[in-house]
2 protein chains.
Amino acid sequence: MLDTILNNPKMETKSELIKVAIIEDRREIREGLSVMINFTDGFSCVGSYRSMEDALHRIAHNLPDVILSDIGLPGMDGIEGVKILKEKYPQILILMLSVYDDNERIFDALCAGACGYLLKKTPPAQLMESLRDAVSGGAPMSPEIARKVVTLFRDFRPPERVEYDLTPHELRLLKLLVEGHSYKTAALELSVSVNTISFHLKSIYEKLQVHSKSEAVAKALKNHLIK
Amino acid sequence: MLDTILNNPKMETKSELIKVAIIEDRREIREGLSVMINFTDGFSCVGSYRSMEDALHRIAHNLPDVILSDIGLPGMDGIEGVKILKEKYPQILILMLSVYDDNERIFDALCAGACGYLLKKTPPAQLMESLRDAVSGGAPMSPEIARKVVTLFRDFRPPERVEYDLTPHELRLLKLLVEGHSYKTAALELSVSVNTISFHLKSIYEKLQVHSKSEAVAKALKNHLIK
DNA sequence: ATTTTCACTACGTTAATATGTGGTTTGAAA
DNA sequence: TTTCAAACCACATATTAACGTAGTGAAAAT
């Protein structure tokens, strides 16, 4: 009986049926999830694996539409696994299901190819809704995860871009400095004399209100004056 | 499903009303929203403004917990407004309500300080749920917006965090350099001789594979070795 | 118990940089 | 036309940085 539930036989490719696979090392969670999925109309659990290695070996036999994967797995972790799964099966949607809520892991998981990130405390109804959300083009995330994602987002483009009125030439020179050039090599690169570099640097220092090459580089990078 | 939304298990427990303000130029939408908010238990519409300028002038009289703001407004647009509102009232949560779903606007809005982004087609029940979500620490986004955010996220993946095995001392020195210190001032700061600084720098250069102070600063900043 | 490793400290020499002064040329604005 | 800003070049010089060399003490490895 349990067997039937865990390995639903009527998993024929009906387009309205959402096929789900589970990667989770804890048996009770794994089986709980598959029971819930099979008992929900419109869903079918087509695979449940206790490790990423297991999933990678066996998932080809019955490809799901969505994978629910734990992050903390024995052996290969969920994030590493997502990279591989996404490479082999780009069309499969992957939702992370994790107890971790640190920025590092959220970031890595989403960058690895996960299309959503749910905390394990997510109530069952919400989880099923998230699966539906994923297949219909969304990116389900637990509220606190979503907030963190938005906050992380902001770090990528600090709001205020101060205008330092650097001339195009000065910007180009600044870029060379950031790339590690010295006066001499920058002079060569720009086909001017070292003195000219020196002159322009002085102007840059004034505009940026700094007094050394490295301080200028730091300010340029922090204020995104150059890429 | 609607049931799940309307009877969310982790609904607000505090009896206080959630105060909402609306910034929207189209009268029928503005009034529709405020009626819906006032007719929903636990919510109160404390302001509705037809332009950002209007809101900025009058909102101080009755500060809301959450603002629902349109992006396409006459005069100052919603994104510019969010920046100003967030600067004056950092504690207020702001949700964008927009017909636009282009990456540029989503990105700008979230970076400007919005904590969520909803499309105007969002059904009323979902909208009220989003307001609740926002005040309880989430970041409500329409599914397609969330997906775009996750996709955008991937584009901003910083370089793989390489391990450079810098000693704590070296990291501290590197940090000082980024802050614009010279050998001399760094030596003073760390209470060692300039020669010692020189030695450590050499080690740092080796580990980072660079050959100058500014190159080290650039690499440190680019690889997020220091904040 | 000893050697080895490693982080840290230090000195000295040479190369690079910061900063001042002086100037020319060019193209666009007044 | 004059004026001005942005490029460019040069010389002078004090300061700073790069790098080779070398000693110390503490912890890990032998």
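Letters A, B, ... mirror the listed sequences (proteins, then strands); counts begin at 1.
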- Message: Testing the basics here: between Arg154(A) and Ala114(B), what is the closest heavy-atom pair and its distance to 0.1 Å?
- Response: NH2-O, 2.7 Å
- Task: Please state how far atom CG in Leu208(B) lies from atom P in dC19(D), giving the value in whole angstrom units.
- Result: 13 Å
- Between Ala134(B) and Leu95(B) the two heavy atoms that sit nearest each other are CB-CD2, 4.1 Å
- How long is the line joining CG of Leu173(A) and P of dC9(D), in whole Å? 13 Å
- Does a side-chain N or O from Lys184(A) land closer than 4.0 Å to OP1 or OP2 of dA16(C), or not? yes
- Task: Begin from the C-alpha positions of Thr196(A) and His200(A) and carry the test side chain to side chain contact (heavy atoms under 4.5 Å, CB included) through to its verdict.
- Result: CA-CA 6 Å; Thr196(A) 305; His200(A) 289 301; 3.5 Å; yes
- Task: Return the value, rounded to whole Å, for the distance between atom CD of Glu206(A) and atom C1' of dA5(D).
- Result: 14 Å
- Note on the structure: Which of Arg50(A), Arg30(A), Arg26(A), Lys120(A) passes salt bridge (Lys or Arg N to Asp or Glu O under 4.0 Å) with Asp70(A)? Answer is Lys120(A)
- Task: Report the C-alpha distance between Phe153(B) and Leu152(A) in whole Å, list the side-chain angles of each, state the deciding distance to 0.1 Å, and finish with yes or no for side chain to side chain contact (heavy atoms under 4.5 Å, CB included).
- Result: CA-CA 9 Å; Phe153(B) 216 66; Leu152(A) 277 174; 3.7 Å; yes
- For Lys213(A) and dA17(D), give me the distance from atom NZ to atom P, rounded to whole Å. 11 Å
- Within residues 89-98 of chain B or reaching into it, pairs that qualify as side chain to side chain donor-acceptor pair (under 3.5 Å) - sequence neighbours excluded: none
- Give one of base, sugar-phosphate or nothing for Ser203(A), where a contact means two heavy atoms less than 4.0 Å apart. nothing
- Query: Should Tyr183(B) be listed as having a side-chain N or O under 4.0 Å from OP1 or OP2 of dA18(D)?
  - Reply: yes
- Message: Just the rounded figure in Å: distance from P of dA17(D) to NE2 of His211(A).
- Response: 13 Å
- Task: Kindly say if Tyr205(B) contacts the phosphate of dA18(D), meaning a side-chain N or O under 4.0 Å from OP1 or OP2.
- Result: yes
- Message: Using whole Å, what does the distance between atom P of nucleotide dA18(D) and atom CD of Gln209(B) come to?
- Response: 16 Å
- Note on the structure: Per-nt protein contacts along nucleotides 7-12 of chain C (heavy atom under 4.0 Å; B base, S backbone sugar-phosphate only, - none) come out as SBBBBB
